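Here the structure comes first, spelled out in structure tokens, and everything after it is commentary.
Computed from a prediction, not measured in an experiment: that's the story for all the values here. Every chain is numbered from 1 and lettered A, B, ... according to where its sequence line falls, protein lines coming before strand lines.
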Protein chains: 2
Amino acid sequence: MKGKILLAEDEISLGEIIKESLDSRGFLVEHVACGKKAIEVFKSFSPDIVVLDIMMPHKDGFEVSREIRMLDRNVPIIFLTAKNRTQDVIDGFENGANDFIKKPFSMEELIVRINSHLRISKINFEQQWVSIGKYKFNFEHQILDLHGKETTLTYKESLLLNELIKKRNQVLDRSYILNLVWGTDDFFSARSMDVFITKIRKYLKDDPLIKIVNIRGIGYKLVV
Amino acid sequence: MKGKILLAEDEISLGEIIKESLDSRGFLVEHVACGKKAIEVFKSFSPDIVVLDIMMPHKDGFEVSREIRMLDRNVPIIFLTAKNRTQDVIDGFENGANDFIKKPFSMEELIVRINSHLRISKINFEQQWVSIGKYKFNFEHQILDLHGKETTLTYKESLLLNELIKKRNQVLDRSYILNLVWGTDDFFSARSMDVFITKIRKYLKDDPLIKIVNIRGIGYKLVV
DNA sequence: CGGAAGATTTAACACTGGTTAACACTGCAT
DNA sequence: ATGCAGTGTTAACCAGTGTTAAATCTTCCG
């Protein structure tokens with residue numbers, strides 16, 4: 001599933017067409033037909049992205065967008081707007097919209113915009129550090145941090161450490177690591193891995209509670 | 001001065017009235033009376049917005065609008081039309097119009113629309129900027145901005161940075177970049193790319209959270 | 001206890017990538 | 001034309017990365 005989408009569109013038939021089209025592309029879509037329902041569903045469904053028609057009964061798109069922004073100031077909101085309503089665009093941005101699509105629009109256009117917004121918010125979310133004993137590790141940046149003292153790891157070192165951390169306190173099979181990090185499971189790669197284990201042990205030596213233990217003939221286990 | 005307006009209106013007296021009215025509101029207006037002249041003036045005057053009468057001698061508004069769109073695909077174009085036929089509106093949008101105003105119209109109406117479009121194009125202009133860590137990057141203008149301090153990049157630098165940003169946090173294959181930016185994938189282009197990566201790293205060095213990570217033998221990844 | 005296999009560690013090595021500077025080419029102004 | 005500034009390429013040298021080799025240590029089991 002590529003993402004959860006809340007679609008608020010009061011023209012039922014149009015809404016269903018959009019929903020089906022997005023469904024078939026691997027999105028999970030909740031379709032509501034008025035603004036009031038949109039807020040309710042937003043709370044229970046926690047969508048990754050919101051697509052709002054501006055003109056809807058009970059609550060219009062702007063009103064909905066303002067309320068959603070109070071619940072979640074990050075979720076991307078795309079407005080659907082009639083072609084010649086230029087003032088809408090201005091009002092929309094002021095009410096927290098991220099993007100506008102003018103009706104009529106092609107499904108391709110909508111999907112492109114949805115994907116780009118999902119990617120952006122995913123990126124913002126993925127900025128994360130993992131704690132491991134006294135250390136913090138950032139896989140994306142390949143940085144190992146001990147009380148503010150940063151060490152930059154190489155790519156392969158990061159890959160290996162990342163796997164160990166992801167399955168900490170579990171035994172990792174030698175061939176599992178080899179296939180994942182080296183892509184092959186042969187004699188030389190295995191020797192290479194031994195060298196990398198040594199390197200990582202050195203990096204982690206300042207916390208005596210962290211250990212990479214060898215299970216003879218099987219593999220390794222990172223214990224914390 | 002609130003903005004430069006190119007006004008093409010063949011009824012001289014009406015044109016002058018509009019011009020004076022806009023002048024007095026703080027706009028800078030060039031008034032031309034035929035389509036041919038409109039294109040000429042467009043090139044030299046670089047208006048922020050274009051107001052076109054549809055019915056004009058030599059070249060009609062649609063023709064002018066099409067030519068302007070080839071020169072500048074962003075400048076807002078407002079049509080003035082005596083007709084109220086749906087087909088004209090459709091033709092107009094297909095030829096790149098942003099808005100229509102039916103004659104007769106009040107000056108207030110025209111001014112409101114002009115202001116809206118100027119605000120929208122300002123918004124659109126601002127959307128050309130992509131945020132990347134502490135920086136903002138404008139690909140079209142090849143400008144990298146750090147807290148108002150602007151650096152102008154060269155064309156190739158921009159191309160490369162743009163690709164890295166577009167696929168931030170993803171690994172870009174060396175040959176993918178080479179084909180896209182250099183058009184070839186040979187030894188010398190590859191070395192050249194290495195030099196450019198160094199240059200871009202220097203440009204981005206003031207945000208320690210931004211990194212261009214090398215994946216040995218594979219390619220690069222811009223992480224934020 | 002002794003030997004074999006596996007694991008660890010260090011170092012040498014090959015190769016890729018990083019950095020700097022010289023160079024060639026282009027467009028521009030004098 | 002001549003010189004100048006900017007852009008991108010080539011070259012040379014250096015640093016970083018991962019692989020291979022070899023020496024040593026550990027564990028297991030007869």
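To the nearest angstrom, P of C:dG18 lies 12 Å from CG of B:Leu160. Atom-to-atom, NZ of A:Lys205 to P of C:dT9 comes out at 12 Å; the value is rounded to the nearest Å. Rounded to an integer number of Å, the gap from B:Ile215 CD1 to C:dG17 C1' is 13 Å. Per the geometry, NZ belonging to B:Lys156 stands 13 Å off C1' belonging to C:dC25, to the nearest Å. Rounded to a whole Å, the CG atom of B:Leu178 is 11 Å from the P atom of D:dT9. Separating the CD1 atom of B:Ile212 from the P atom of C:dG17 is a distance of 14 Å, rounded to the nearest angstrom. For the pair B:Ile177 CD1 and C:dG17 P, the interatomic distance rounds to 11 Å; values are reported in whole Å. In this structure, the CD atom of B:Glu157 is 9 Å from the C1' atom of D:dG8, given to the nearest Å.
Counting any heavy atom pair closer than 4.0 Å across all strands shown, B:Ser192 reaches a base atom. Among the atoms of the strands shown, only primed sugar atoms or phosphate atoms (P, OP1, OP2) are found under 4.0 Å from some heavy atom of A:Asn214. Using a 4.0 Å heavy-atom criterion, one finds that B:Thr198 contacts the bases of the nucleic acid, with or without backbone contacts as well.
The phosphate of C:dT10 (OP1 or OP2) has a side-chain N or O of A:Lys202 nearer than 4.0 angstrom. Between B:Trp182 and the phosphate of D:dG8, there is no side-chain N or O to OP1/OP2 separation shorter than 4.0 Å. One finds a side-chain N or O of B:Tyr220 lying less than 4.0 angstrom from the OP1 or OP2 phosphate oxygen of C:dG18. Between B:Thr154 and D:dG8 there is a side-chain polar atom (N or O) within less than 4.0 angstrom of OP1 or OP2. Of the side-chain N and O atoms in B:Arg174, none sit less than 4.0 angstrom from OP1 or OP2 of C:dT16. Neither OP1 nor OP2 of D:dA12 sits under 4.0 Å from any side-chain N or O of B:Arg191.
Proximity note for A:Phe196 (side chain, C-beta onward) versus D:dG8, D:dT19, D:dT10: the nearest is D:dT19.
For the pair B:Asp194 and A:Val213, nearest-nucleotide mapping onto DNA chain C gives the more 5' position to A:Val213. Comparing A:Asp186 and A:Leu153 along DNA chain D, the residue whose closest nucleotide (by nearest heavy atom) sits nearer the 5' end is A:Leu153. Taking the nucleotide of DNA chain C with the nearest heavy atom to each of A:Ile218 and A:Val195, the more 5' of the two is matched to A:Ile218. When the nearest nucleotides of DNA chain D are assigned to B:Lys199 and A:Met193 by heavy-atom distance, the more 5′-ward of the two goes with B:Lys199.
Geometrically, A:Lys4 engages A:Phe45 in a cation-pi contact, judged by NZ or CZ lying under 6.0 Å from the ring centre and within 45° of the ring axis. A cation-pi geometry, defined here as NZ or CZ lying under 6.0 Å from the six-membered ring centre and within 45° of its normal, holds between B:Lys221 and A:Phe139. Annotation: cation-pi pair B:Arg66/B:Phe62 absent, no NZ/CZ under 6.0 Å from the ring centroid and within 45° of its normal.
Test B:Asn179, B:Asp185, B:Asp194 against B:Arg174 for side-chain hydrogen bond (donor to acceptor under 3.5 Å, both in side chains) and you get one pass: B:Asp194. Partner of B:His31 under the side-chain hydrogen bond (donor to acceptor under 3.5 Å, both in side chains) criterion, chosen from B:Glu16, B:Glu9, B:Lys19: B:Glu16. Each of A:Tyr176, A:Phe196, A:Phe188 was compared with A:Trp182 under the ring pair (Phe, Tyr, Trp, His ring centres under 6.0 Å) criterion, and only A:Phe196 meets it.
Judged by distance alone, with hydrogens and angles left aside, A:Arg216 brings a side-chain donor or acceptor within reach of the base of C:dA5, the pair sitting under 3.5 Å.
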